[in-house]
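In listed order, ligands and their atoms are each counted from 1.
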Amino acid sequence: MDIGIIGLPQSGKTTVFNALTRGHADTSGASGSATEMHLGVVKVPDPRLEVLSGMYNPRRVVPAEIKYWDVPGPESLAKSQGIVGQYRNILQGADAFLVVVRAFDNPSVMHPMETIDPGRDVETMLGELTFADLEVMDRAVERLEDGMKKAKPAERPAMTRQLETIRKVKEGLEAGIPLRAQQVTDSESAILINYQLLTGKPIIVVFNTNEDGPEPSLESLELDLPEGDQLGEVCLSARLEAELALMSDEEAEEFRADLGLDDSAMNLVIRASYSTLGLVSFLTVGPDEVRAWSVPRGIPAQQAAGAIHSDFVRGFIRAEVIPYDDLCRCGNIAQGRKEGALRSEGKTYPVKDGDVINFLVNV
Ligand SMILES: Nc1nc2c(ncn2[C@@H]2O[C@H](COP(=O)(O)OP(=O)(O)OP(=O)(O)O)[C@@H](O)[C@H]2O)c(=O)[nH]1
Ligand SMILES: [Mg+2]
């Protein structure tokens, strides 16, 4: 799972990145710091792993991971080719975006548009993503129209279908509807996958607030969002969270209790990522390894096997599945089998959160 952190210049992207990854990336604005890209890996906390590790004594315990990318913005909005600009190919590889939006006051940090206005900034960023996709769709139309002229008759029907799909998505984008809120058929998705449109990816807005609020929300900002567009959202004070992230767990816990904060930025963002992306974790167990894997909710078992190894998709035979709670009750898989809690499932079985799965494969 790769999540790109984007936002206007100086909105606090690198500070959010540090808070999430317990990182030390430079936020001083010293020359060059704003153009560096940072990659950090966050392990998804999951208490079930500890319980399973107690049962299996494995050589390793591996939590699910989320990779966060701190993607630099343009040096200035004035000379930008859009916020996405040169980093488009990096952004294309992300599974979702965190859009950091400045809601903090700090007279020593300039805002590229001078005033603090979180609603405007959310709309600007969403607009930038739409704009970047429109450019891609425009180029695609041009190329296909050109190609049609030279194409052999047998190639034309497929090209016509591509053109129709692209024109339809382009019209939607022009009307301000991101791909994620557009209705597309399976065959249209198969065409669009080649373009990796940015507006097709889930978005989580991170309001970067003062330590003492106020806490904006998408609802309170009364944004004019297209129908069907579901954005995730989180409020946090990135600077405070980045400082807490560098303390020991005990120390940070104490500070949090004093400040009346319930949960770390990392947990808030992981939860928002899971719910916005519709993720669940399935588990694998054995003497070698107890491990959690994050996959989209309801993914067919055969595809879920691909999270472990791409060869497992082709070689999939069936999946032996026991829900985590049943495994804990039975004590081990053999007992689960005896009690009928272990089920044998086929390719299309929709994977649920907490399924402990043994894939039988032929590779
Ligand atoms: N008061 C306050 N200041 C913050 C907060 N978050 C970030 N800042 C300050 O804002 C400045 C910019 O933060 P960065 O994290 O570097 O922002 P950025 O979006 O990565 O900036 P660029 O990469 O240059 O676009 C730094 O001086 C931070 O200390 C916050 O929650 N509160
Ligand atoms: Mg930065």
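The shortest N or O to N or O distance between Asp70 and ligand 1 is not below 3.5 Å. At under 3.5 Å, a nitrogen or oxygen of Gln10, whether backbone or side chain, sits near a nitrogen or oxygen of ligand 1. Polar contact check, Arg239 against ligand 1: a nitrogen or oxygen pair lies under 3.5 Å apart. The shortest N or O to N or O distance between Gly12 and ligand 1 is below 3.5 Å.
Close contacts between ligand 1 and Pro9 involve ligand atoms 25 (O) [criterion: under 4.0 Å to a heavy atom]. Below 4.0 Å from some heavy atom of Val109 lie the following atoms of ligand 1, by number and element: 9 (C), 10 (O), 11 (C), 27 (O). Within ligand 1, the atoms closer than 4.0 Å to a non-hydrogen atom of Ala238 are 31 (O), numbered from 1 in the order shown. Taking every heavy atom of Asp105 and a limit of under 4.0 angstrom, the matching atoms of ligand 1 come to 1 (N).
Residue contacts with ligand 1, taken as heavy atom pairs separated by less than 4.0 Å, involve Asn208 solely via side-chain atoms from C-beta onward. Contacts between Thr27 and ligand 1 below 4.0 angstrom, taking non-hydrogen atoms only, involve backbone and side chain alike. Contacts between Thr15 and ligand 1 below 4.0 angstrom, taking non-hydrogen atoms only, involve backbone and side chain alike. Using a 4.0 Å cut-off between heavy atoms, Asn210 makes no contact with ligand 1 at all.
Among the backbone and side-chain atoms of Thr14, an N, O or S atom lies under 2.8 Å from the Mg ion (ligand 2).
Using a cutoff of 4.0 Å between basic side-chain nitrogens and carboxylate oxygens, Glu164 and Lys168 are not scored as salt-bridged. In summary, Lys170 and Glu135 do not engage in a salt bridge, as defined by a charged side-chain N under 4.0 Å from a carboxylate O. Using a 4.0 Å cut-off between a side-chain N of Lys or Arg and a carboxylate O of Asp or Glu, Arg48 and Asp353 qualify as a salt bridge.
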Verdict with reasoning, Thr165 to Leu192, per side chain to side chain contact (heavy atoms under 4.5 Å, CB included): CA-CA 8 Å; Thr165 303; Leu192 292 168; 3.9 Å; yes
message: If you apply the rule side chain to side chain contact (heavy atoms under 4.5 Å, CB included), what do you find for Val285 with Ile333, and how did you get there?
response: CA-CA 10 Å; Val285 295; Ile333 293 207; 4.1 Å; yes
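Once rounded to the nearest 0.5 Å, the distance linking CH2 of Trp293 with CG of Leu283 reads 11.0 Å.
Every heavy atom of Pro72 sits 4.0 Å or more from the atoms of ligand 1. Distances from ligand 1 to the non-hydrogen atoms of Thr209 include at least one value under 4.0 Å. The shortest separation from a heavy atom of Ser237 to ligand 1 is under 4.0 Å, placing the residue in contact.
Exactly one of Ile5, Asp2, Ile6 qualifies for a side-chain contact (heavy atoms from CB on, under 4.5 Å) with Trp69. That residue is Asp2. The residue from Asp133, Leu134, Ile177 that alone fulfils the side-chain contact (heavy atoms from CB on, under 4.5 Å) condition with Thr199 is Asp133.
Cation-pi check for Arg102 over Phe104 is met; the charged atom lies under 6.0 angstrom from the ring centroid and within 45 degrees of its normal.
Asn210 places no side-chain N or O within 3.5 Å of a backbone atom of Asp212 that could act as its donor or acceptor partner.
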